[in-house]
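Remarks on the structure that follows.
None of the values given here were measured: they were computed from a predicted structure. Letters A, B, ... mirror the listed sequences (proteins, then strands); counts begin at 1.
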Amino acid sequence: MQIKSKFPAWKKKKRKFRIDKDGIKNKLNPVSQSSVATQNGQVNGVVRQNGGQEPKFLNVTAKEKKRIKRRKNKNKRPLLQTEKELLTSTVQMTNGVLKKIQKISLSEPSPPSTSSKPESPQKSPLPRPKTPTGPSPSTSTPVTSVASPSSTSQNRNILRHEPNFDKFDRPQLPIDVVEQQLMYELASHETLIIIGETGSGKSTQVPQLCVRAGLADSGSIAVTEPRRVAAVSLASRVAVEMGTDVGGIVGFHVRFENATTHKTKIEYMTDGIVLRKALISPLLENYSTVIIDEAHERSLHSDVLMCILKKCQEQRRKGKNPLRLIVMSATLQADKFQSYFDNAKVVLVSGRTFPIEVFHVNPKINKSFSSSDYVYNTVICVKHVHLNEPKGHDILVFLTGSEEIEAVAYQLAELNGSLPASADVIMPVPLYAALRPEKQKEAFKKTPQGARKVIISTNIAETSVTIPGVRVVIDSGKVKIKTFEASNRIDVLKVHNVSKAQAKQRAGRAGRDAPGKCYRLYSREDFQKFEIDNMPEILRCNLSATFLELMKLGMKNPHRLQLIDPPETENIDAALLELTSLGAIRPLNSDKSKFALTDMGDVFCMYPVSPDHARVLFHAQKEGCVMEAIKIISAMQTDALFSGGSDSKNDAEVERIRRKFETREGDHITLLKLVLTTNLFFDEKFCNDNMINEQHLKTASMIEEQLKQIAIEQEVPFSTCGNDFTKIRKSLAIGMFLNSCEYDRQEDRYRLMINPAITLKIHPSSCLSRSKPAYIVFSELMKTNDLYALQVTLIDVDWVRPLISEHKKMRTNHLAESAQRIQEITNSAPKRKKAKTE
DNA sequence: TGCATGAAG
């Protein structure tokens with residue numbers, strides 16, 4: 001397997017981008033300006049007073065505290081190193097903020113609020129309840145009677161679990177202004193949509209409001225986040241605010257890590273985890289309320305979740321424990337969510353970021369300007385900013401991929417030679433997900449004196465990480481997006497223009513600590529042509545895994561599915577054909593437009609992998625190579641295990657390492673050998689010497705544990721094939737038979753067996769790219785400059801022939817009959833335990 | 001011959 005090379009030697013020789021020393025002023029002119037973020041002056045509009053009605057707080061006894069701690073330690077797995085660091089730094093930071101705020105007292109408004117109205121000098125022992133001074137609800141129901149925590153006996157029950165609540169305070173947030181209104185709306189609506197920009201405080205405050213409104217009486221409050229880091233850090237922040245430990249009243253649950261206990265009332269979770277929970281208990285009875293955070297990101301999981309929760313709400317409305325749903329989004333396109341949720345109530349919350357000046361390129365002045373030269377323009381723009389902006393203001397540049405990023409970093413470093421003596425040094429810092437973790441950390445280090453840090457990043461810096469000290473953003477306006485071509489089952493990775501929302505998000509990264517500037521390497525006219533929002537993930541991915549999960553939940557006809565953005569019919573049919581070919585579903589005899597899960601499909605659902613990978617695991621039982629299949633499939637779930645860039649090693653060295661693990665059978669067996677080796681001896685030095693990404697290797701081994709656990713629950717015996725790799729290759733071929741190819745000597749390309757019109761190449765990173773065997777199966781098909789098969793294994797054509805001919809028949813309207821045959825072909829596999837549900 | 005945005009279970 002070839003080692004991932006970030007900036008290979010052959011590229012260095014023909015570098016495309018040159019630096020034009022005089023081009024700075026001509027290329028970019030900050031003529032048009034606008035402000036994307038507005039200062040919020042209403043923040044201090046609320047006078048904090050002691051309402052005189054606060055309930056008596058009962059402290060948790062020492063005994064109880066010990067019990068919580070014991071339970072927590074028992075349940076807790078060790079934290080991942082990065083998450084540990086993140087957790088401690090967040091807590092430290094929050095503590096610091098809290099101390100500072102208490103010192104300066106409430107009379108000093110925190111920036112950037114401009115209100116001169118002073119706070120009540122008398123500090124309330126409790127932040128709440130306040131006298132209702134915010135916007136009152138229009139109805140006659142008195143707010144206090146709804147919102148007062150002491151209004152019911154159950155509320156007191158919840159509140160007794162909040163130890164030392166009054167010890168803490170936090171900076172004022174825009175959401176405080178609408179707190180009373182929110183309390184009222186929470187109590188009176190089943191579904192609520194909250195629109196609030198970054199910094200409004202909705203992610204931390206709304207769940208706490210729910211608890212105070214008594215919603216936690218009948219079950220926990222679930223908060224879904226699209227990212228692990230968000231779930232972990234929000235939980236720790238809210239825990240500090242509520243004066244409890246993570247894992248007490250506030251907890252989080254992400255993959256591999258569950259920091260919740262029976263006491264947990266607010267659970268921050270990744271949306272994928274909630275989806276998994278729904279598969280096991282479809283009505284989600286443990287939760288009284290589900291809050292979908294960052295709904296505007298339109299992640300696949302959150303879209304599916306909204307669809308499921310709508311149904312779940314209908315069901316639970318009949319019972320005694322109705323489900324409350326809160327959808328939180330940053331975009332102002334509330335109407336889409338509103339109409340989806342039957343005209344649900346919308347509450348607007350203002351955001352709070354520092355003002356940002358936005359500059360666009362003016363094409364009238366820059367006649368030679370072309371936005372497609374964005375890499376070249378980036379270098380010029382950095383130089384312009386570096387020579388004109390105050391020293392110490394760091395720059396964040398958005399580009400599309402590692403190759404561009406490394407090229408710009410290289411050129412910026414060279415630029416230092418031609419700078420005036422008075423100028424600071426430019427310190428380029430690349431940042432992208434595939435970068436080694438220690439290299440990634442460079443972006444967060446303090447900039448040394450006499451230097452300006454220029455972080456050159458992919459969209460990882462848009463939402464996933466926040467870099468302190470950034471005052472200037474340079475936005476290329478481009479992003480790499482993977483879309484799915486359903487007709488040919490191909491992933492296409494292409495550079496696209498960003499959306500307006502995304503451009504705004506990027507600009508906002510300059511205003512985290514102080515007022516900032518954003519230079520856009522495209523004209524105002526171009527910007528107007530951009531899409532309003534990002535394309536929802538559900539419209540650009542393979543739907544087979546999602547449909548399998550939804551069928552487990554009882555969906556029969558995917559064409560009738562009520563999603564917020566329904567996928568194209570062609571895409572739906574492709575997923576149904578794929579699932580039927582894999583034997584996971586079959587059309588109903590009574591109604592051919594409806595489908596049912598097969599026994600095998602039911603088993604597939606249990607594994608958190610795609611249906612074809614699940615089928616590999618399933619077939620491995622018949623072949624007697626379950627251990628090997630689990631190892632390979634888990635290694636396939638992570639990104640490239642071989643990585644790290646070629647910066648310190650020459651090409652010969654890369655070749656030498658690559659050969660060490662190479663096998664004649666293909667990349668999957670190579671993966672297996674690597675995993676088996678690292679199982680025996682695995683340390684940092686070994687990973688460094690062999691350019692293996694330690695983090696990814698750890699993830700793979702955690703997935704391996706997870707898959708093993710599921711196999712145990714399914715009562716699958718752990719068979720092993722020893723050195724007989726034929727068995728595992730056969731399992732891979734049968735599981736992923738849709739990806740089998742035949743070599744065409746004339747064309748010197750491979751033809752996809754299910755559709756010979758499609759020809760492709762083996763990706764150069766594969767160990768079979770040179771040997772070109774007659775028949776192969778691959779894990780993934782990716783279209784970049786050409787069509788490439790990734791992760792390839794040598795197969796015997798007889799293994800896949802019957803499956804392929806059935807698949808072809810299915811496409812020509814023999815779906816039902818062929819589905820039956822597929823079942824028969826597969827049913828020779830040993831019987832296994834039926835899944836618990838249904 | 002020639003290369004991989006970002007999340008998630």
Which part of the nucleic acid, if any, lies within reach of [X] when heavy atoms closer than 4.0 Å are counted: base, sugar-phosphate only, or nothing?
X	value
R255(A)	base
L493(A)	base
V609(A)	base
E537(A)	base

Out of [options], which has the shortest distance to the side chain of [X]?
X	options	answer
H301(A)	dT5(B), dA8(B), dC3(B)	dA8(B)
R770(A)	dA4(B), dT1(B), dG9(B)	dT1(B)
R227(A)	dA8(B), dT1(B), dG9(B)	dA8(B)
K480(A)	dG6(B), dA8(B), dT5(B)	dT5(B)
Y788(A)	dG2(B), dG9(B), dG6(B)	dG2(B)
Y432(A)	dG9(B), dG6(B), dA4(B)	dG6(B)
K761(A)	dG2(B), dG6(B), dG9(B)	dG2(B)

Taking atom [atom2] of [N] as reference, at what distance in whole Å does atom [atom1] of [X] sit?
X	N	atom1	atom2	result
E780(A)	dT5(B)	CD	P	12 Å
I292(A)	dA7(B)	CD1	P	21 Å
I538(A)	dA7(B)	CD1	P	20 Å

Compute whether any side-chain donor of one residue and acceptor of the other, for N286(A) and S281(A), lie under 3.5 angstrom apart. no

Do D533(A) and S499(A) have side-chain atoms, one donor and one acceptor, less than 3.5 Å apart? no

Would you indicate, yes or no, if [N] has its OP1 or OP2 atom less than 4.0 angstrom from a side-chain nitrogen or oxygen of [X]?
X	N	result
N785(A)	dG2(B)	no
R228(A)	dG9(B)	yes
T270(A)	dG9(B)	yes
S299(A)	dA8(B)	no
S402(A)	dT5(B)	yes

Who passes ring pair (Phe, Tyr, Trp, His ring centres under 6.0 Å) against Y750(A), sequence neighbours left out? Y743(A)

Can you name the residues that form a ring pair (Phe, Tyr, Trp, His ring centres under 6.0 Å) with Y788(A), not counting sequence neighbours? H763(A)

Inter-residue atom distance E257(A).CD - R228(A).CZ, 0.5 Å rounding: 6.5 Å

